[in-house]
> 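Just dropping this structure here.
Predicted model only: the values in this text are computed from it and were never measured. Sequence lines set the chain letters: A, B, ... in the order given, protein chains first and strands last, and positions in each chain run from 1.
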Amino acid sequence: MTQKVTPRSKDYFRWYTDVIQKAELADYAPVKGCMVIRPYGYALWENIQQGLDRRFKATGHVNAYFPLFIPESFIRKEAEHVEGFSPELAVVTHGGGKKLEEPLIVRPTSETIINAMYAKWVRSWRDLPILINQWCNVVRWEMRTRLFLRTTEFLWQEGHTAHATPEEAEEEALRMLDVYADFAENDAAIPVFKGRKSDAERFAGAVRSYTIEAMMGDKRALQAGTSHNLGDNFARAFGTQYLDRNNELRYVHQTSWGVSTRMVGAIIMVHGDDQGLILPPKLAPYQVVIVPIWHDEEEKARVLATVETITGQFGEAVRYKVDDREEYSPGWKFNEWEMRGVPLRLEIGPRDVAEGQVVLARRDIGGREGKSSASMEGLVGIVQEMLDKIQANLFARALKFREDNTREPTDYEEFKAAVENGFARSYWCGSAECEATIKEETRATIRCIPFDQDGKKGKCIYCGREATEKAIFARAY
RNA sequence: CGGGGUGUAGCGCAGUUGGCUAGCGCGCAGCGUUUGGGACGCUGAGGCCGGAGGUUCGAAUCCUCUCACCCCGACCA
């Protein structure tokens, strides 16, 4: 399996799929559009889960689990929602050898079934807010699939909250977008634009959708997380009402927000290089790989004894892997673990043992430049410091790349060139016609209308009418 | 759904003017020598050539039909 991957510079998408399979993150499943997430990929996902779950808990959310099957009639209750999701539903028509009275939908998302329950649970203003998240799988029958980025079945978390007022729901939607952005930038080392979706890109059934958008290594955009203010759309469809302090019956206002295994794809595409993966230390299954080197049994004993004192030092503070396989040479292992994206490699041979030091090799900086030696004494501190540096460097590098490839074109010709090869930040008049025409002519869509605006006015990049906001346009995954 | 492509050993492929025993590289197993940037030798295991029909003395190879997967578009986290 550990053959070289197609160079990223040569064929970006081949590189992407090669890396996933050769690094053993995932493999194609026997069912079209589905993938098997292998232990190494799943460990990465578990770290993503932990990073997010910790933040959800810290903002007052609790986890729960709702069923996989949703009665077909539920999906129909919210008009825009049914229209948005119908084409991609998997439907169960038989169970236990008999045709079902009512077909069951395999959840594509859980707004409907959760609202059916919330409608039961909510009676009084005292029952609010409900702040529930669930970790689960969902199924969307997409025509075109790509490992991690879009699979028929995928793993995600979906938060579903219910609030007394529109203001609280809005506040919640924005809070969770901040949580996502914080996770993306600090844990995944992926810089994101936070902003609002255009109406055309809005979630089916939402009042407003917010998103974090990231630039991949091929300069295309990827929506890395979304947060929706659902208003009272689902509450009206499901009759989710409560009595307020004045004994008046009111609909709840809701949000939903999600991050999926797509985040794994984002990490691969943002940080990887020709050698393969580069994983951010905060999420890497192994932060450090230790490669012991020896020539004979006597050296082996000494080297491994030293390795043991090091791993003893690491304890729980560092996630490490000792690669003491005898069937591979050190050089082979170096290449293997670089391909698998381990942020830091520690080499220990007889020379190091004699000198009381180890060799450190950074994954983010190749060749000699990334190598240094460190004393065995207090190594854990040095390693942690270096992991922090790598984390910071990955973010800085990704940010610079995004900035270098985000342009502010002054006319439509420049705009077309810009979205050909990066992001364009341009005034947009807000009309769906301009948006649709741009999409048709350039294949670029509005990724978001960033919160970060300069407050100035300008002319729409397409029609020239007055515009008050700039949008990020790009080709997207 | 439209367009393109691929199915032969675990992986990557060759073989396809029909021809006898289906081959190569990597990987895998055993033994030995190796090990600081993808080591080497020897021995060996592993195939109803995607499936079904047909043509033929003879089919991986020709014909028909099917199935699966990948890539490019439209749809989407």
> For residues 276-288 of chain A, pull every pair meeting side-chain hydrogen bond (donor to acceptor under 3.5 Å, both in side chains), keeping only residues two or more places apart or in separate chains.
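Residue pairs with at least one partner in residues 276-288 of chain A: there are none.
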> Taking the six-membered ring for Trp, are A:Y462 and A:Y412 closer than 6.0 Å centroid to centroid?
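Ring-ring flag for A:Y462/A:Y412: true, centres closer than 6.0 Å.
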> As a test of reading the structure: which of B:G73, B:C28, B:G37 is closest to the side chain of A:Y328, going by heavy atoms?
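In terms of side-chain proximity for A:Y328, the closest of B:G73, B:C28, B:G37 is B:C28.
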> Name the pairs: protein N/O against N/O of nucleotides 39-45 of chain B, kept only if under 3.5 Å.
| from | atom 1 | to | atom 2 | distance (Å) |
| --- | --- | --- | --- | --- |
| B:A39 | OP1 | A:S329 | OG | 3.4 |
| B:A39 | OP2 | A:S329 | OG | 2.5 |

> Check this for me: does any side-chain nitrogen of one of A:E338 and A:R345 sit under 4.0 Å from a carboxylate oxygen of the other?
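Yes, charged N to carboxylate O under 4.0 Å.
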> Do A:S256 and A:H160 pair up side chain to side chain, a donor and an acceptor below 3.5 Å, judged on atom types alone?
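Looking only at side-chain atoms, A:H160 and A:S256 do not form any donor-acceptor pair under 3.5 Å.
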> Quick check on contacts: within residues 348-379 of chain A, what sits under 4.0 Å from RNA chain B by heavy-atom distance?
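Heavy-atom cutoff 4.0 Å gives A:G349, A:P350, A:R351, A:D352, A:V359, A:K371.
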> In whole Å, what is the span from the NZ atom of A:K300 to the C1' atom of B:G36?
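Result: 18 Å.
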> May I ask you to decide whether A:D53 forms a salt bridge with A:K57, counting only side-chain N to carboxylate O separations under 4.0 Å?
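The answer is yes: the pair qualifies as a salt bridge.
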> Can you check the distance between B:G5 and B:A9, where both ends of the measurement are the P atom (answer in whole Å)?
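22 Å, rounded to whole Å.
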> Can you list the steps and then say if A:R447 with A:E201 is a salt bridge (Lys or Arg N to Asp or Glu O under 4.0 Å)?
CA-CA 8 Å; A:R447 303 319 307 155; A:E201 301 278 329; 3.8 Å; yes
> Within this structure, what is the NZ-to-P distance between A:K333 and B:U34, rounded to whole angstrom?
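Rounded to whole Å, this separation is 17 Å.
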> With C1' as the reference atom in both, quote the distance from B:C11 to B:G47 in angstrom, rounded to an integer.
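Roughly 15 Å separates the two C1' atoms.
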> Of the nucleotides B:A74, B:C75, B:U35, which has the atom closest to the A:R443 side chain?
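Comparing B:A74, B:C75, B:U35 against the side chain of A:R443, the answer is B:A74.
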> Under the ring-ring contact (aromatic ring centres under 6.0 Å, His included) test, which residues partner A:W141, sequence neighbours left out?
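By the ring-ring contact (aromatic ring centres under 6.0 Å, His included) rule, A:W141 matches no residue at all.
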> A:R14 has an atom CZ; how far is it from atom P of B:G5, in whole Å?
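Whole-Å distance recorded here is 17 Å.
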> Return the value, rounded to whole Å, for the distance between atom CD of A:E24 and atom P of B:C11.
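My rounded result for the distance is 14 Å.
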> I need the single residue from A:F415, A:F193, A:F423 that forms a ring pair (Phe, Tyr, Trp, His ring centres under 6.0 Å) with A:F473. Which is it?
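Only match with A:F473 under ring pair (Phe, Tyr, Trp, His ring centres under 6.0 Å): A:F415.
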> May I ask which nucleotide in the shown strands pairs with B:G47, Watson-Crick or G-U wobble, both distances under 3.5 Å?
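The answer is none; no pair meets the criterion.
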> Got a salt bridge between A:K333 and A:E336, using NZ or NE/NH1/NH2 to carboxylate O under 4.0 Å?
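So A:K333 does not pair with A:E336 through a salt bridge.
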> Determine the Euclidean distance between corresponding C1' atoms of B:U56 and B:G44; express it in Å to zero decimal places.
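It works out to 38 Å between them.
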> Which base sits across from B:G32 as a Watson-Crick or G-U pair, both distances under 3.5 Å?
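Checking every strand shown, B:G32 finds its partner in B:C40, with both distances under 3.5 Å.
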> Please list, chain by chain and in numerical order, all residues satisfying side-chain hydrogen bond (donor to acceptor under 3.5 Å, both in side chains) with A:T17, sequence neighbours excluded.
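Partners of A:T17 by the side-chain hydrogen bond (donor to acceptor under 3.5 Å, both in side chains) criterion come out as none, since no residue qualifies.
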> When the P atoms of B:C57 and B:G10 are considered, how many whole Å apart are they?
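Looking at atom P only, B:C57 and B:G10 are 35 Å apart.
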> Enumerate the residue pairs fulfilling side-chain hydrogen bond (donor to acceptor under 3.5 Å, both in side chains) with a member in residues 29-51 of chain A, sequence neighbours excluded, ordered by first and then second residue.
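Output for this query is empty, none listed.
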> Just to verify, what does A:K371 make a salt bridge (charged side-chain N to carboxylate O under 4.0 Å, His left out) with, not counting sequence neighbours?
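A:E347.
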> Check every strand shown and say whether A:T226 touches a base, only sugar-phosphate, or nothing at a heavy-atom separation below 4.0 Å.
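Nothing: the residue A:T226, judged by heavy atoms under 4.0 Å, touches no strand.
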> Between side-chain atoms of residues 301-308 of chain A and protein atoms elsewhere (two or more places apart, or another chain), which donor-acceptor pairs fall under 3.5 Å?
| from | atom 1 | to | atom 2 | distance (Å) |
| --- | --- | --- | --- | --- |
| A:R302 | NE | A:E298 | OE2 | 3.0 |
| A:R302 | NH2 | A:E298 | OE1 | 3.3 |
| A:T306 | OG1 | A:R302 | O | 2.9 |

> Taking salt bridge (charged side-chain N to carboxylate O under 4.0 Å, His left out) as the definition, give me every residue that meets it alongside A:D18, ordered by chain and number, with sequence neighbours left out.
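Once residues adjacent in sequence are excluded, A:D18 has no partner under the salt bridge (charged side-chain N to carboxylate O under 4.0 Å, His left out) criterion.
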> For the P atoms, the ones on B:G36 and on B:C24, what distance do you get once it is rounded to whole angstrom?
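About 31 Å, rounded to a whole number of Å.
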> Using whole Å, report how far CG of A:L149 lies from P of B:C75.
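Whole-Å distance recorded here is 17 Å.
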> Does B:G27 have a Watson-Crick or wobble partner in any strand here, with both distances under 3.5 angstrom, and which is it?
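For B:G27, the partner nucleotide comes out as none, under the 3.5 Å rule.
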> Does any nucleotide pair with B:A14 by Watson-Crick or G-U wobble geometry, both distances under 3.5 Å, and what is it?
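No nucleotide pairs with B:A14.
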> Does B:U6 pair with anything, Watson-Crick or G-U wobble, both distances under 3.5 Å, and if so, with which nucleotide?
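By the stated definition (distances under 3.5 Å), B:A68 pairs with B:U6.
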> Can you sort out the partners of A:F85 under ring-ring contact (aromatic ring centres under 6.0 Å, His included), two or more places apart, ordered by chain and number?
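With sequence neighbours excluded, A:F85 shows a ring-ring contact (aromatic ring centres under 6.0 Å, His included) to A:H81, A:F203, given in chain and number order.
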> Could you give the distance separating B:A59 and B:C28 at their P atoms, to the nearest angstrom?
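Per the computed distance, 37 Å lies between those P atoms.
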> Spell out, as yes or no, whether a donor-acceptor pair under 3.5 Å connects the side chain of A:R351 to the backbone of A:Q357.
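No; judged by distance alone, with no hydrogens or angles, the pair does not exist.
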> Using a heavy-atom cut-off of 4.0 Å across all strands, would you classify A:E347 as base, sugar-phosphate, or nothing?
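Contact class for A:E347: base.
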> Can you tell me how far P of B:A74 sits from CD of A:E88, to the nearest Å?
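The distance from CD of A:E88 to P of B:A74 comes to 16 Å, rounded to the nearest Å.
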> Tell which nucleotide pairs with B:G19, taking only Watson-Crick or G-U wobble pairs whose two distances are both under 3.5 angstrom.
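Base-paired to B:C57.
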> Whole angstroms only, please: what is the CD-C1' distance between A:E326 and B:U35?
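Nearest whole value for this atom pair: 10 Å.
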> Between B:C48 and B:G18, how far apart are the P atoms? Round to whole Å, please.
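It works out to 26 Å between them.
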> Using the 3.5 Å cut-off, write out each protein N or O paired with an N or O of nucleotides 68-70 of chain B and the distance between them.
| from | atom 1 | to | atom 2 | distance (Å) |
| --- | --- | --- | --- | --- |
| B:C69 | OP1 | A:K32 | N | 2.8 |

> For nucleotides B:C63 and B:U55, find the distance between their C1' atoms and express it as a whole number of Å.
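Those two atoms are separated by 7 Å.
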> Between atom CD in A:E338 and atom P in B:G38, what is the gap in whole Å?
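These atoms are roughly 12 Å apart.
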> Using Watson-Crick or G-U wobble geometry with both distances below 3.5 Å, tell me the partner of B:C75, or none.
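Matched B:C75 with nothing under the 3.5 Å cut-off.
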> Which residues, if any, of residues 278-294 of chain A bring a heavy atom under 4.0 Å of RNA chain B?
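A:I293, A:W294 - these, ordered by number, are the residues of the stretch whose heavy atoms sit under 4.0 Å from the strand.
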